[in-house]
*Asks:* 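Here it is, the structure, as structure tokens.
Every chain is numbered from 1, with letters handed out A, B, ... down the list of sequences. Owing to the predicted nature of the structure, the values given are computational and were not obtained by experimental measurement. Scope of the values below: all heavy atoms of this structure, side chains included, with no hydrogens, waters or symmetry mates.
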Amino acid sequence: MVKVQKAASRYWLMKTEPHTFSYDDLHARPGHITPWDGVRNYQVRNMLRDQVKLGDLVFIYHSSCPEPGIVGIGRVVREGYPDLSALDKKSPYYDEKAAKKGLSPWICVDVQARGRFAQTIALKDLRQEAPLSDMELLRRGSRLSVQPVQPEAWRHILSLGDLKAEA
DNA sequence: GCCAACGTTGGC
DNA sequence: GCCAACGTTGGC
């Protein structure tokens, strides 16, 4: 009998600009689900395609706002599939080069809101946490809009917040 | 394939 | 609005 070992769930952090799409906007969607589309960076595209799996958990992070930080948790409810917003002329994520080929090279996943923290876990507070010193998010010049989170970091951050489960 | 110019991200 | 970091583009 061959033992098939299920890969451990992974943890991620996904950034969004709340003035465009906030955690609460996600929660307001039917089923609390939205396609996480508009990623236009190859490194991130490859992660969405190859590494982000059904059931993985995600910190939802607000950037470019008065208090940047982690606001809630989501779950991957659909694995990577073509991001067709690249072909949609009316989309803010329209990609002319892709549209000319009629084929989107970009990938999205579906994310479902799972819980909100009572207070934002602010970036400035995360920076004070020694156990998080290796986090991608805290690296100088870190710009990846989707990034892996180590299980220890995930647990540590959970211990910093007051999570209200929602879904 | 090098690399300068340019564009974008995102905290501050 | 500034600017550091980094990705992309395009001339050569």
*Asks:* Does anything in residues 100-107 of chain A come within less than 4.0 Å of DNA chain C? Heavy atoms only, and list the residues if so.
*Replies:*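 Residues of residues 100-107 of chain A under 4.0 Å from DNA chain C: none.
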*Asks:* Hey, could you give me each pair passing salt bridge (charged side-chain N to carboxylate O under 4.0 Å, His left out) that has a residue in residues 71-83 of chain A? Not counting sequence neighbours.
*Replies:*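 Checked against salt bridge (charged side-chain N to carboxylate O under 4.0 Å, His left out) - neighbours excluded - the pairs reaching residues 71-83 of chain A are R40(A)-D83(A).
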*Asks:* Would you classify R139(A) as touching base, sugar-phosphate or nothing, given that sugar-phosphate means primed atoms plus P, OP1 and OP2, and contacts are heavy atoms under 4.0 Å?
*Replies:*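 R139(A): backbone/sugar contact only, no base atoms under 4.0 Å.
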*Asks:* With a cut-off of 3.5 Å and sequence neighbours excluded, list every side-chain donor-acceptor pair involving residues 138-145 of chain A.
*Replies:*
| unit_1 | atom_1 | unit_2 | atom_2 | d |
| --- | --- | --- | --- | --- |
| R139(A) | NH1 | E136(A) | OE1 | 2.7 |
| R139(A) | NH1 | E136(A) | OE2 | 3.0 |
| S142(A) | OG | E136(A) | O | 3.0 |
| S142(A) | OG | E136(A) | OE2 | 3.4 |

*Asks:* Could you work out the complete set of other residues in the hydrophobic cluster of Y42(A), with links drawn between I, L, V, M, F, W and Y side chains under 4.5 Å apart?
*Replies:*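 Y42(A) clusters with W106(A).
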*Asks:* List every contact pair, protein side and nucleotides 9-12 of chain B side both N or O, where the distance is under 3.5 Å.
*Replies:*
| unit_1 | atom_1 | unit_2 | atom_2 | d |
| --- | --- | --- | --- | --- |
| dG10(B) | OP1 | K15(A) | NZ | 2.8 |
| dG10(B) | OP1 | R143(A) | O | 3.1 |
| dG11(B) | OP1 | Y61(A) | OH | 2.8 |
| dG11(B) | OP2 | S64(A) | N | 3.0 |

*Asks:* Taking five pairs at each end of the helix from dG1(B)-dC12(C) to dC12(B)-dG1(C), what angle separates the two helix axes (nearest 10°)?
*Replies:*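 Taking the rotation axis at each end, their angle is 10°.
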*Asks:* The criterion is side chain to side chain donor-acceptor pair (under 3.5 Å); which residues satisfy it with Y23(A), sequence neighbours excluded?
*Replies:*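 Partners of Y23(A) under the side chain to side chain donor-acceptor pair (under 3.5 Å) test: E166(A).
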*Asks:* Kindly write out the residues that satisfy salt bridge (Lys or Arg N to Asp or Glu O under 4.0 Å) with D24(A), not counting sequence neighbours, or none if the list is empty.
*Replies:*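 In terms of salt bridge (Lys or Arg N to Asp or Glu O under 4.0 Å), with neighbours along the sequence ignored, D24(A) is linked to R116(A).
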*Asks:* Kindly state each residue pair satisfying ring pair (Phe, Tyr, Trp, His ring centres under 6.0 Å) with at least one member in residues 49-103 of chain A, sequence neighbours excluded.
*Replies:*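 Non-adjacent pairs meeting ring pair (Phe, Tyr, Trp, His ring centres under 6.0 Å): F59(A)-W154(A).
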*Asks:* Starting at CD of Q147(A) and ending at P of dC6(C), how long is that distance when rounded to a whole Å?
*Replies:*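 Answer to the nearest Å: 13 Å.
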*Asks:* Apart from V77(A) itself, which Ile, Leu, Val, Met, Phe, Trp or Tyr residues share its cluster (side-chain heavy atoms under 4.5 Å, direct or through members)?
*Replies:*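 I33(A), listed by chain and number.
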*Asks:* Tell me the salt bridge (charged side-chain N to carboxylate O under 4.0 Å, His left out) pairs involving residues 102-112 of chain A, sequence neighbours left out?
*Replies:*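 Every pair satisfying salt bridge (charged side-chain N to carboxylate O under 4.0 Å, His left out) with a residue in residues 102-112 of chain A: there are none.
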*Asks:* Taking side chain to side chain donor-acceptor pair (under 3.5 Å) as the test, write out the residues that go with D88(A), two or more places apart.
*Replies:*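 Scan of D88(A) (side chain to side chain donor-acceptor pair (under 3.5 Å), adjacent residues dropped) gives none.
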*Asks:* Any idea which heavy atoms bring P18(A) and S63(A) closest together, and the distance?
*Replies:*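 Smallest interatomic distance, heavy atoms only, reads CD-O, 3.2 Å.
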